[in-house]
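Convention: sequence-line order gives letters A, B, ...; per-chain numbering from 1.
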Amino acid sequence: MARFLLPLSIFIVLAGFLAYGLQLNPREVPSPLIDKAAPAFNVAQLHAADKQISPEDMKGKVWLLNVWASWCVSCRQEHPILVDLARRNIVPIIGLNYKDQREAGLAWLNQHGDPYVLSAYDLDGRIGIDYGVYGVPETFLIDKNGVIRYKHIGPVTEDALNNKILPKIKELSGV
Amino acid sequence: MSKFLASLALGLACLLPAMTLGADAPSAAADPALEKRVMAIAEELRCLVCQNQTIADSHAELAVDLKNQVREMLQKGQTESQIKEYMVQRYGDFVLYRPAVKSNTWMLWLGPFVLLVGALIFLLAKLKKRNSRLASEQGLSEVAQRRADQLLGINGGDSGKTDGPSAVPPSVKEEA
C-alpha cells in the first residue's frame with residue numbers, strides 16, 4: 001500500500017517546482033549591476049544640448065534613472081505613474097532618452113508630461129549598453145553613494161511602485 | 001506568340017523578389033577579416049531581445065548595437081575573452097550563448113547525465129530484485145512438484161494414468 005507513496009511524493013515535488021516556475025518570467029534578465037556603482041557617463045542634456053549630466057551630479061541623493069523613448073509604446077503606460085511620483089516630490093527622477101531623436105523626445109514630453117528633473121540624451125545607446133538596458137522602459141534606483149540598488153524591468157506599475165520601489169526608497173533615504 | 005512571351009516575362013519578373021531572400025543584415029565595415037572576427041564573437045553572444053538567437057543571427061536593434069560595440073572593441077585591440085567579460089559585466093551570464101561552466105552551472109551541464117545514470121542504476125536494482133524474487137518463487141512445494149513430475153512423466157511418474165484433473169496425488173490414493 002505504501003508503494004504508491006514514492007511516485008506520488010516525487011510527483012508532488014515536481015508539481016511544486018512547476019507551480020513556482022509558472023510564476024516566473026522566463027524573459028526577464030536580472031541585472032548584474034545591483035549593488036555595483038552606477039556606470040559613469042557624461043553627456044548632453046535633452047533640453048539643453050550645451051549642458052552636461054553625469055551620475056556624479058546626483059551624489060548625496062537617492063534618485064531614479066528612467067530609460068524612455070518617444071518610440072516606446074510601453075513607456076506611455078508607465079508615464080502617468082512617473083508624472084504622479086514626480087508631483088509627490090519623493091525622489092528626483094532623471095530620464096535617459098534612449099536612441100531617440102532630440103525633437104521627437106522633446107515633443108513626446110510636451111505631449112505626455114515631463115516628470116524628469118532633466119533627461120540625458122543617449123543617441124547611440126552606449127549609456128544603455130553600460131547599464132545593461134535590453135528593452136525600454138527600465139528604471140534604476142540609485143542610492144546616495146551612486147550605487148545601483150534596484151532595477152525594474154518594463155513599465156513601472158502601481159503595484160511595483162508601492163510594494164517594491166517606494167519601500168526601497170524609504171530604506172535608502174534612512175527614513 | 002507575343003501573349004506567351006508577355007506572360008513568360010511577367011512570370012520571370014515575379015521571381016525577382018525571391019532573389020533578395022537570404023540577404024544578411026549588411027555589414028558596416030569594409031574589412032572582411034574584421035567582420036569575420038566580429039561574427040565569430042557575435043555567435044557566442046545571446047541577443048537579449050530575441051533570446052533564442054545570437055546577436056549574429058538577430059536583426060534586432062540591440063543586436064546591431066552590440067555588434068558595433070564588439071567591432072569597436074576589436075579595433076581597439078581587445079581580445080575575445082575581454083569582450084565577453086565586458087558583456088557579462090553588463091548583462092550577466094545569460095548574454096553568453098553557451099552557458100559558462102561554473103560552480104552554479106554544473107547542474108545544468110551534468111544534470112541530465114546524472115539523472116540518466118541514476119535511472120539506469122535504479123532500473124538495474126529493480127530488475128535484480130525482480131529476478132531473485134521470481135527465482136525463489138520457482139521452487140514449488142514438494143507435493144506439487146511430485147504431481148508435476150507425474151503429469152510430465154519425469155522421474156518414473158506414470159503420465160498417462162491419471163483420472164483426469166484431480167487434486168489428490170496418487171500416493172494418497174494408494175493409501176486409501
What's the verdict on disulfide bond (SG atoms under 2.5 Å apart) for B:C47 and B:C50, showing C-alpha distance, side-chain angles and the deciding distance? CA-CA 6 Å; B:C47 172; B:C50 332; 4.1 Å; no
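Only the backbone of A:P30 comes within less than 4.5 Å of a heavy atom in chain B; its side chain stays farther off. When heavy atoms are compared at a cutoff of 4.5 Å, B:Y91 approaches chain A by way of both its backbone and its side chain. Contact annotation for B:V95: neither backbone nor side-chain heavy atoms come within less than 4.5 Å of a heavy atom of chain A. Contact annotation for A:R27: both backbone and side-chain heavy atoms come within less than 4.5 Å of a heavy atom of chain B. Only the side chain of A:K99 comes within less than 4.5 Å of a heavy atom in chain B; its backbone stays farther off. If you measure heavy-atom distances from B:L48 to chain A, the contacts under 4.5 Å come from both the backbone and the side chain.
The pair A:R126-B:E72 meets the salt-bridge criterion, since a charged nitrogen lies less than 4.0 angstrom from a carboxylate oxygen. Between A:D143 and A:K61 there is no salt bridge, since none of the side-chain N atoms of the basic residue sits less than 4.0 Å from a carboxylate O of the acidic one. A:R88 has a carboxylate O that lies under 4.0 Å from a charged side-chain N of A:D84, or vice versa, which qualifies the two as a salt bridge.
Contact count versus chain B (heavy atoms, under 4.5 Å) is highest, among A:L33, A:D124, A:V29, for A:V29.
Note on ring orientation: taking the six-membered ring where Trp is involved, the planes of A:W68 and A:Y116 are parallel (angle under 30°, cut-offs 30° and 60°). Relative orientation of the A:Y131 and A:F140 rings is perpendicular, given thresholds of 30° and 60° on the angle between their planes.
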